[in-house]
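Sharing a structure, written as structure tokens. Questions coming.
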Amino acid sequence: MIDPVLASRFQFALTTVVHIIFPVMSMGLAPFLIYFTWRDVRGGDPVYEQLRRFWTKVFAISFVVGTVTGIVLEFEFGTNFAAFSTTAGELFGGPLAVEGMMAFMLEATFLGIFVFGRERVSDRLYLVSSLAVGVGTWLSAIWILIANSWMQMPRGYELVSENGDEVVHLVDPLAAYLTPRFGYMYVHMQNAAVESVALFMAAVSAYYVYRHHVRGEETEHIAFWHKTLKIALVALLITAPLQVLQGDLYARHVYETQPQKFAAMEAVWDTEAYVPEYIFAIPTDLSQFTDPRAKELFGIGIPGGASWLASGGDATAEIRGLNTFEAEAPPVAVVFWSFRAMVGMGFWFILLAFWGGYRWYTGELFEDGLLHKALMASGLLGFVAVELGWVVTEVGRQPWVIQGVLKTSEGVSPGLTGAEALVTLAGFVGVYAGILALYVYVVSRVIRDGPPSGRELRSTAERDAAPTEVPDDD
């Protein structure tokens with residue numbers, strides 16, 4: 001029978017991999033929706049009402065599905081990782097509770113007004129509702145990442161004995177909740193969310209623009225798709241370079257605080273200096289794919305690049321190898337290849353952004369069929385890059401669930417059997433696959449239906465202007 005530790009890890013990974021899609025969509029859409037609402041409230045170009053109404057549907061669907069899939073994660077701390085909850089409950093429970101009471105309630109309270117209240121409340125209140133929903137979405141990430149950053153870099157605690165168990169006791173809340181890791185994680189995650197949504201918006205709009213301008217098919221609402229593509233490109237031009245630049249600082253921080261994870265990211269087994277940074281690497285045999293060792297791979301690398309990245313500018317700096325650590329190495333192949341793929345996508349996104357920006361500048365944005373195809377092919381890659389980033393973050397920390405404090409194998413519920421873990425894992429695979437398929441179907445329907453037509457927008461305005469009719473008693 002499968003090991004309950006392995007089954008529990010797979011189950012938590014599965015639920016996280018599926019769940020993260022929906023918060024990324026919600027968090028990434030939030031600043032766009034605030035902007036669309038502001039422009040709609042100001043009046044003028046009706047395309048902003050179309051943008052607001054269309055993308056609000058996608059946001060609302062993502063919020064609902066994200067709530068359903070996210071609640072389950074908190075229950076898994078009790079069902080599959082009870083020992084972890086016992087050890088870290090005093091510190092870990094606080095941020096999760098505040099996330100529910102502050103962020104989720106703020107978002108949920110104003111979401112109804114934002115989705116259904118445009119014709120029922122004043123312009124000012126409606127704009128406030130968009131801000132509240134957006135702020136609530138981003139506040140959720142603050143408290144979740146506070147908890148996770150503490151697991152990566154625990155501070156402000158002491159270990160005490162309670163009922164025979166060693167548990168974490170909070171002694172400095174500010175140090176615990178605002179670890180040096182938190183700022184890096186929050187900026188990287190939120191920027192990634194906006195970048196991922198910008199890529200998605202660009203892909204959807206590029207599809208309709210390609211059909212209309214390149215293939216010559218008559219397409220409804222083409223002005224809407226023109227505007228969507230331009231707004232997505234502006235966001236991509238900002239977020240794509242920022243993600244790479246901030247990621248460089250983040251990686252340096254990882255080297256300073258989690259050197260074993262950094263060594264796994266670069267597949268450095270023996271302590272070396274002048275370590276190259278492989279932008280592109282290919283294993284020459286299967287064993288190198290499953291057990292990568294950077295200097296044995298065939299690839300294109302920047303000489304001294306990894307050393308420069310770790311030290312902040314010294315290409316001859318020494319990187320400590322995995323063989324020098326007492327704890328077992330994390331699954332190096334998973335971390336190394338995930339990091340390569342994520343970084344590669346990051347540079348591809350920069351190329352797409354500047355390619356699109358250049359075509360816009362030359363007046364050929366809507367006629368470049370190759371650019372449209374590249375954007376369509378890249379529409380979901382932002383979400384893939386986010387998933388890979390979390391793989392590097394979480395798998396790279398292994399064997400620790402709390403870095404240097406508690407190992408993952410020690411955090412699993414002690415009474416959990418392999419049979420129980422396997423049954424729930426199989427159930428989760430089926431249920432979450434169904435949820436994801438349903439989400440894809442519904443969002444696809446929204447995209448196929450397109451934005452509300454000019455007739456619908458005019459009928460709404462006419463209804464608002466018409467006097468209210470009072471029915472006769474007869």
Distance-only side-chain donor-acceptor flag, Ser149 / Tyr186, under 3.5 Å: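 The criterion, which ignores hydrogens and geometry beyond distance, is not satisfied for Tyr186 and Ser149.
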
Full working for ring-ring contact (aromatic ring centres under 6.0 Å, His included) between Phe224 and Phe54: CA-CA 10 Å; Phe224 171 88; Phe54 178 83; 5.5 Å; yes

Separation of Ser26 OG from Phe59 CZ (nearest 0.5 Å):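 Spacing of CZ (Phe59) from OG (Ser26) equals 5.0 Å.
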
Over-ring placement of Arg118 relative to Tyr126, 6.0 Å and 45° cut-offs: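 The answer is yes; both the distance and angle limits are met.
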
Aromatic ring pairing His19/Phe22, orientation class (parallel under 30°, perpendicular over 60°, tilted between):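 Because their plane-to-plane angle is over 60°, the rings of His19 and Phe22 count as perpendicular.
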
Arg448 atom CZ, neighbour heavy-atom count above 12 within 6.0 Å: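 Enclosed: over 12 neighbouring heavy atoms sit under 6.0 Å from CZ of Arg448.
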
Any donor-acceptor N/O pair, Ser378 side chain to Leu381 backbone, under 3.5 Å: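 No; zero donor-acceptor contacts below 3.5 Å.
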
Flag, side chain of Ser338 to backbone of Val335, donor-acceptor distance under 3.5 Å: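 Side chain of Ser338 to backbone of Val335, a donor-acceptor pair under 3.5 Å: no, none is there.
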
Under 3.5 Å donor-acceptor, Thr179 side chain and Ala176 backbone: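 No.
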
Where Lys261 and Gly396 come nearest, the two heavy atoms and their spacing: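 For Lys261 versus Gly396, the nearest heavy atoms are CB-O, 3.5 Å.
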
Heavy-atom check, side chain of Leu229 versus side chain of Trp360, under 4.5 Å: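 Not in contact.
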
Whether Gln398 side chain and Glu394 backbone form a donor-acceptor pair below 3.5 Å: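 Answer holds: yes.
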
Heavy-atom neighbours of Phe10 CZ exceed 12 at 6.0 Å: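 At most 12 heavy atoms, drawn from other residues, nucleotides or ligands, come within 6.0 Å of this atom.
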
Arg397 vs Gln258, side chain to side chain contact (heavy atoms under 4.5 Å, CB included): CA-CA, chis, key distance, verdict: CA-CA 8 Å; Arg397 187 182 65 233; Gln258 291 178 303; 3.9 Å; yes

Side chain to side chain contact (heavy atoms under 4.5 Å, CB included) evaluation trace for Trp55 with Val58: CA-CA 5 Å; Trp55 290 107; Val58 178; 4.0 Å; yes

Heavy-atom donor-acceptor pair, Asn191 side chain to Thr239 backbone, under 3.5 Å: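 A pair under 3.5 Å: yes.
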
Close side-chain approach of Met153 and Phe182, heavy atoms under 4.5 Å: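 SC-SC contact between Met153 and Phe182 ruled out.
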
Aromatic plane relationship, His253 with Tyr184 - under 30° parallel, 30 to 60° tilted, over 60° perpendicular: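 If you compare the ring of Tyr184 with that of His253, the planes turn out parallel.
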
Neighbour count above 12 (heavy atom, 6.0 Å) for Glu220 CD: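 No, CD of Glu220 has 12 or fewer neighbouring heavy atoms, counting only those of other groups under 6.0 Å.
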
Short side-chain donor-acceptor distance under 3.5 Å, Thr408 and Arg9: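 No donor-acceptor contact under 3.5 Å links the two side chains.
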
Nearest non-hydrogen partners of Ala421 and Pro4, listed with the distance: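 So the minimum-distance heavy-atom pair works out to CB-CA, 4.1 Å.
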
Inter-residue atom distance Leu127.CG - Asp40.CG, 0.5 Å rounding: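 The CG atom of Asp40 is 10.0 Å from CG of Leu127, to the nearest 0.5 Å.
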
Intermediate values then yes/no, salt bridge (Lys or Arg N to Asp or Glu O under 4.0 Å), Arg252 and Glu256: CA-CA 6 Å; Arg252 193 171 307 151; Glu256 294 169 354; over 6 Å; no

Trp308 and Glu277: CA distance, side-chain angles, deciding distance, side chain to side chain contact (heavy atoms under 4.5 Å, CB included) verdict: CA-CA 9 Å; Trp308 184 89; Glu277 176 66 39; over 6 Å; no

Check: Gln243 and Phe349 side chains under 4.5 Å, non-hydrogen atoms: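 Heavy-atom side-chain distance check fails, nothing below 4.5 Å.
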
Residues Tyr48, Thr37; criterion side chain to side chain donor-acceptor pair (under 3.5 Å); working and verdict: CA-CA 7 Å; Tyr48 288 102; Thr37 303; over 6 Å; no

Evaluation steps, ring-ring contact (aromatic ring centres under 6.0 Å, His included), between His213 and His226: CA-CA 11 Å; His213 289 280; His226 286 169; 4.9 Å; yes

Between Tyr35 and Arg39: side-chain donor-acceptor atoms closer than 3.5 Å: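 Their side chains do contain a donor-acceptor pair, which is all the 3.5 Å distance test asks for.
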
Heavy-atom check, side chain of Phe200 versus side chain of Phe383, under 4.5 Å: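 Contact flag for Phe200/Phe383 side chains = yes.
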
Heavy-atom check, side chain of Val446 versus side chain of Ile61, under 4.5 Å: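 Yes - at least one pair of side-chain heavy atoms lies under 4.5 Å apart.
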
With a cut-off of 3.5 Å and sequence neighbours excluded, list every side-chain donor-acceptor pair involving residues 102-115.
residue : atom : partner : partner atom : Å
Glu107  : OE2  : Thr137  : OG1          : 2.8
Thr109  : OG1  : Met105  : O            : 2.6

Taking every non-hydrogen atom, the tightest pair across Gly356 and Leu371: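 What the structure gives for the nearest pair is CA-CD2, 3.8 Å.
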
From CD1 (Ile447) to NZ (Lys57), nearest 0.5 Å: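 Nearest 0.5 Å value for the CD1-NZ distance: 11.5 Å.
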
Atom of Met342, atom of Ala385 and distance for their closest heavy-atom approach: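 Closest approach of Met342 to Ala385: CG-O, 3.9 Å.
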
Under 3.5 Å: donor-acceptor pair, side chain of Ser205, backbone of Ala202: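 Yes, because the side chain of Ser205 sits within donor-acceptor range (under 3.5 Å) of the backbone of Ala202.
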
Any Leu33 side-chain heavy atom under 4.5 Å of Ser130 side chain: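 A side-chain contact is absent here, since even the closest heavy-atom pair is not under 4.5 Å.
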
Thr393 and Gln152 side chains, donor-acceptor separation under 3.5 Å: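 No, Thr393 and Gln152 have no side-chain donor paired with an acceptor closer than 3.5 Å.
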
Main-chain N/O of Tyr177 paired to Trp150 side chain as donor or acceptor, under 3.5 Å: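 No, because the side chain of Trp150 does not come within donor-acceptor range (under 3.5 Å) of the backbone of Tyr177.
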
Heavy-atom pair with the smallest gap, counting every atom of Ala88 and Ile402: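 Minimum heavy-atom separation between Ala88 and Ile402: CB-CD1, 3.7 Å.
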
Test item: Trp143 and Leu96 side chains (from C-beta on) under 4.5 Å apart, heavy atoms: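 The answer is no, as the side chains (C-beta and beyond) never meet within the 4.5 Å cut-off.
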
Charged tip of Arg42 within 45° of Trp38 ring normal and under 6.0 Å: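 Cation-pi check for Arg42 and Trp38: passes.
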
Donor on one side chain, acceptor on other, Thr219 and Trp225, under 3.5 Å: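 Judged by distance alone, the side chains do not pair up.
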
Backbone of Val187 reached by a side-chain donor or acceptor of Gln246 within 3.5 Å: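 No; zero donor-acceptor contacts below 3.5 Å.
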
Sidechain-backbone polar pair: Gln50 side chain, Pro452 backbone, donor-acceptor under 3.5 Å: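 Yes, because the side chain of Gln50 sits within donor-acceptor range (under 3.5 Å) of the backbone of Pro452.
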
Chi angles and distances behind the side chain to side chain contact (heavy atoms under 4.5 Å, CB included) call for Arg181, Val254: CA-CA 8 Å; Arg181 175 63 54 87; Val254 169; 4.2 Å; yes

Contact check, side chains of Leu416 and Ser8, non-hydrogen atoms, under 4.5 Å: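 Yes, their side chains come closer than 4.5 Å.
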
Backbone of Leu170 reached by a side-chain donor or acceptor of Glu90 within 3.5 Å: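 Yes: the side chain of Glu90 pairs with the backbone of Leu170.
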
Full working for ring-ring contact (aromatic ring centres under 6.0 Å, His included) between Tyr432 and Tyr439: CA-CA 10 Å; Tyr432 272 65; Tyr439 175 79; over 10 Å; no

Inter-residue atom distance Ile34.CD1 - Leu131.CG, 0.5 Å rounding: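 Rounded to the nearest 0.5 Å, the CD1-CG separation comes to 5.0 Å.
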
Shortest non-hydrogen contact between Pro95 and Phe92, atoms and distance: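 Looking at all heavy atoms of both residues, the closest pair is CD-O, 3.4 Å.
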
Spacing of OG1 belonging to Thr87 relative to CZ belonging to Phe81, to within rounding of 0.5 Å: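 One finds 12.5 Å between OG1 of Thr87 and CZ of Phe81.
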
Arg340 to Phe336 six-membered ring, cation-pi geometry met (6.0 Å, 45°):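 Yes, Arg340 lies over the aromatic ring of Phe336.
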
Rounded distance (nearest 0.5 Å) linking atom CE of Met151 with atom CD1 of Ile146: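 Those atoms lie 14.5 Å apart.
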
